[in-house]
S.K.: 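Structure in structure tokens, see below.
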There are 2 protein chains.
Amino acid sequence: MRPIIIGFGLMILCLLVLFKIAEVNFIKGDVKLEVIVAIAAMIFFFVGLYFNYQQGKKREEPTPQQPETGTINTIDYNQIKKLGLTQREHDVLVKMATGCSNQEIATALFLSESTIKTHVSNIFFKLDVKRRTQAVQVARELKIVV
Amino acid sequence: MRPIIIGFGLMILCLLVLFKIAEVNFIKGDVKLEVIVAIAAMIFFFVGLYFNYQQGKKREEPTPQQPETGTINTIDYNQIKKLGLTQREHDVLVKMATGCSNQEIATALFLSESTIKTHVSNIFFKLDVKRRTQAVQVARELKIVV
DNA sequence: AGAAATTTCCCACTTTAGTATGAGGTAAAA
DNA sequence: TTTTACCTCATACTAAAGTGGGAAATTTCT
């Protein structure tokens, strides 16, 4: 909740600053309206992206879960916990299973490729595999990805 | 990738339209700069939200399928033929789906790694993918591997 | 508050993957 | 008997993937 408030605070601050800059420079006639609007548009576009990203990040996960019942096409959270996979690692694993490259995963999750590589390495260790195709195969068998 | 480009195209169009409206109304002195910027910000904030939403949403394909017979976990040879995959390519694809490296596939099929690479490249072309994880994913959806 | 676990990111490498192109051999179709 | 489609293999690169070690910032737990 904190980051959202902070984010919106910064957002509003940005807006105000833009207003001021616009006002000041407008008298001088230096800055075109188009530029100001474009900048605002860009900033808020990405703010929107980031906001949504933050929202999606905070999805619940524990779900006490019962270790039985013919759960068809359902992720087995117990299995994930048993393997010691973290939330983020699972995120990466899911993306990996769809055939994304490290760079694509990084872009999708707003992270650097380095980070993805780190996660991927940890995933391989925890799943006891050597390659991503193997990881996907194992993950599918263990029902930790659909 | 196409939809993204189109999306950005529309986005830019939006921006330009906003510019024009702003220009016109600015001469009259009716619309304040703050208002224009705020509107632009709002619009692009939600564009950002929607964009991200669409990105996350698309990933699931229709999976038309099922011409007949409840073929559970069975390879669809019609699909293979339709794609123009040869026998050998299918062999390689199957091995690939189990997480084998090129070298491992080569060993398993008593071929050189070069040959496997050739087959793999052809598979990618026929499946219209760029990476092996993607190929496996697509192959699974098309039921040409179990 | 302090410790422990997560998450993020880098750098410097090593290893696989993947691309482009060419080419010899075989077997079936025209 | 050509042609055509496959299968095989190679070389030379370019591009990703994966490893190891370190480290700062956050979050979570105690």
Side-chain angles (χ1 to χ4, degrees), chain A residues 1-7 10 50 53-62 77 80-139, chain B residues 80-139:
Chain A
M1 187 57 73
R2 250 74 49 83
I4 296 177
I5 296 173
I6 294 172
L10 286 177
Y50 185 70
Y53 154 71
Q54 285 295 333
Q55 286 304 93
K57 197 168 96 173
K58 301 214 187 325
R59 68 202 147 316
E60 76 300 343
E61 153 269 333
Y77 290 99
I80 295 176
K81 191 176 293 180
K82 197 184 298 175
L83 292 167
L85 283 176
T86 67
Q87 178 61 56
R88 218 46 171 156
E89 284 162 3
H90 184 253
D91 291 344
V92 172
L93 189 50
V94 168
K95 279 286 174 190
M96 207 159 76
T98 69
C100 287
S101 67
N102 287 337
Q103 184 53 65
E104 285 170 348
I105 299 173
T107 301
L109 300 183
F110 299 95
L111 299 175
S112 79
E113 196 191 343
S114 301
T115 306
I116 303 303
K117 283 185 174 185
T118 302
H119 286 317
V120 167
S121 273
N122 292 333
I123 291 169
F124 290 173
F125 176 73
K126 290 175 181 177
L127 292 187
D128 189 29
V129 299
K130 285 286 170 218
R131 285 173 294 286
R132 53 174 47 212
T133 39
Q134 240 184 323
V136 171
Q137 170 76 359
V138 169
Chain B
I80 296 177
K81 191 176 294 181
K82 197 184 299 175
L83 292 167
L85 282 176
T86 67
Q87 179 59 53
R88 216 46 169 160
E89 285 161 1
H90 184 252
D91 293 344
V92 172
L93 189 51
V94 168
K95 279 287 174 188
M96 208 160 75
T98 68
C100 288
S101 67
N102 288 337
Q103 184 53 65
E104 285 169 348
I105 299 172
T107 303
L109 301 181
F110 301 98
L111 299 174
S112 79
E113 197 191 340
S114 299
T115 306
I116 303 304
K117 283 185 174 184
T118 302
H119 286 317
V120 168
S121 273
N122 292 333
I123 291 169
F124 290 174
F125 176 73
K126 290 176 181 176
L127 292 187
D128 189 30
V129 298
K130 285 285 170 223
R131 285 174 295 287
R132 53 174 50 213
T133 40
Q134 238 184 325
V136 171
Q137 169 77 359
V138 169

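The sequence lines fix the lettering, A, B, ..., with proteins before strands; numbering per chain opens at 1.
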S.K.: Which whole-number value in Å describes the distance from Lys117(A) NZ to dT19(D) C1'?
M.R.: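 Spelled out: NZ on Lys117(A) to C1' on dT19(D) is 10 Å.
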
S.K.: Rounded to whole angstrom units, what separation is found between the CZ atom of Phe124(A) and the P atom of dT15(C)?
M.R.: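 One finds 17 Å between P of dT15(C) and CZ of Phe124(A), rounded.
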
S.K.: Indicate yes or no: at least one non-hydrogen side-chain atom of Arg88(B) is less than 4.5 angstrom from one of Leu111(B).
M.R.: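 The answer is yes, as the side chains (C-beta and beyond) meet within the 4.5 Å cut-off.
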
S.K.: So Val136(A) and Val136(B), do their side chains get closer than 4.5 Å, heavy atoms only?
M.R.: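 Result no, sub-4.5 Å side-chain heavy-atom pair not found.
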
S.K.: Please state how far atom CG in Leu127(B) lies from atom P in dG18(C), giving the value in whole angstrom units.
M.R.: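 Checked: the CG to P distance equals 12 Å.
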
S.K.: Just the rounded figure in Å: distance from P of dC7(D) to CD1 of Ile123(B).
M.R.: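 Nearest whole value for this atom pair: 11 Å.
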
S.K.: Under 4.0 Å from any atom of DNA chain C, heavy atoms only: list the residues of residues 85-113 of chain B that qualify, in numerical order.
M.R.: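 DNA chain C contact set from residues 85-113 of chain B: Ser101(B), Asn102(B).
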
S.K.: Below 3.5 Å is the cut-off: list the nitrogen or oxygen pairs between protein and nucleotides 28-30 of chain D, distance only.
M.R.:
none

S.K.: On the nucleotide dT8(C), are OP1 or OP2 found under 4.0 Å from the side-chain N or O atoms that Thr115(A) carries?
M.R.: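 No, no such contact exists.
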
S.K.: Go through the structure and list residues passing side chain to side chain contact (heavy atoms under 4.5 Å, CB included) with Val120(A), not counting sequence neighbours.
M.R.: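 Applying side chain to side chain contact (heavy atoms under 4.5 Å, CB included) to Val120(A) gives Val92(A), Met96(A), Asn102(A), Ile116(A), Phe124(A), Arg132(A).
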
S.K.: Let me know the distance between CG of Asn122(A) and P of dG21(D), rounded to the nearest Å.
M.R.: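 Interatomic distance, CG of Asn122(A) to P of dG21(D): 13 Å.
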
S.K.: Could you give the distance from CG (Asp91(B)) to OG1 (Thr86(B)), rounded to the nearest 0.5 Å?
M.R.: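 It is 8.0 Å, given to the nearest 0.5 Å.
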
S.K.: Would you give a per-nucleotide map of nucleotides 20-30 of chain C, 5' to 3', where B means the base has a protein non-hydrogen atom under 4.0 Å away, S means only the sugar-phosphate does, and - means neither?
M.R.: -----------

S.K.: Say you draw a straight line from CZ of Phe125(A) to NZ of Lys130(A); how long is it, rounded to the nearest 0.5 Å?
M.R.: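 Here the interatomic distance stands at 9.5 Å.
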
S.K.: Note the angle between the end axes of the helix from dA1(C)-dT30(D) to dA30(C)-dT1(D), five pairs defining each, rounded to 10 degrees.
M.R.: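 Roughly 50° between the end axes, to the nearest 10°.
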
S.K.: Calculate, to the nearest 0.5 Å, the distance between atoms CD and CG belonging to Gln134(B) and Asp128(B) respectively.
M.R.: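 The CG atom of Asp128(B) is 8.5 Å from CD of Gln134(B), to the nearest 0.5 Å.
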
S.K.: May I have the distance from Phe125(A) (atom CZ) to dT6(C) (atom C1'), rounded to whole angstrom?
M.R.: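 Spelled out: CZ on Phe125(A) to C1' on dT6(C) is 16 Å.
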
S.K.: How do Lys130(A) and Lys126(B) order along DNA chain D: which one's closest nucleotide is nearer the 5' end?
M.R.: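 Comparing both residues, the 5'-ward one is Lys126(B).
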
S.K.: Which residue pairs pass the salt bridge (charged side-chain N to carboxylate O under 4.0 Å, His left out) test with at least one member in residues 97-114 of chain B, sequence neighbours excluded?
M.R.: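 Only Arg131(A)-Glu104(B) qualify under salt bridge (charged side-chain N to carboxylate O under 4.0 Å, His left out).
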
S.K.: Give me the atom names and distance for the closest heavy-atom approach of Leu127(B) to Ala135(B).
M.R.: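 Taking Leu127(B) first and Ala135(B) second, the nearest heavy atoms are CD1-O, 3.8 Å.
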
S.K.: For the side chain of Ser114(B), counting heavy atoms from C-beta on, which of dC9(D), dG18(C), dA17(D) is nearest?
M.R.: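 Taking heavy atoms from C-beta onward, the closest nucleotide is dC9(D).
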
S.K.: Can you check whether His90(B) reaches Val94(B) side chain to side chain, under 4.5 Å on heavy atoms?
M.R.: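 Contact flag for His90(B)/Val94(B) side chains = yes.
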
S.K.: Is there any side chain to side chain donor-acceptor pair (under 3.5 Å) pair reaching into residues 115-126 of chain A, and which pairs are they, with sequence neighbours excluded?
M.R.: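 For residues 115-126 of chain A: Glu89(A)-Lys126(A), Ser112(A)-Thr115(A).
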
S.K.: Taking OP1 and OP2 of dT7(C), is either one under 4.0 Å from a side-chain nitrogen or oxygen of His119(A)?
M.R.: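 No, because none of the side-chain N or O atoms of His119(A) sits under 4.0 Å from OP1 or OP2 of dT7(C).
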
S.K.: Please state how far atom CZ in Arg132(B) lies from atom C1' in dT19(C), giving the value in whole angstrom units.
M.R.: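 From Arg132(B) CZ to dT19(C) C1': 14 Å.
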
S.K.: Roughly how many Å is it from CZ in Arg131(A) to C1' in dT16(C), rounded to a whole number?
M.R.: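 So the two atoms are 9 Å apart, to the nearest Å.
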
S.K.: Looking only at heavy atoms, what is the nearest atom pair of Ile105(B) and Cys100(B), with distance?
M.R.: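 Taking every non-hydrogen atom into account, CG1-CB, 3.5 Å.
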
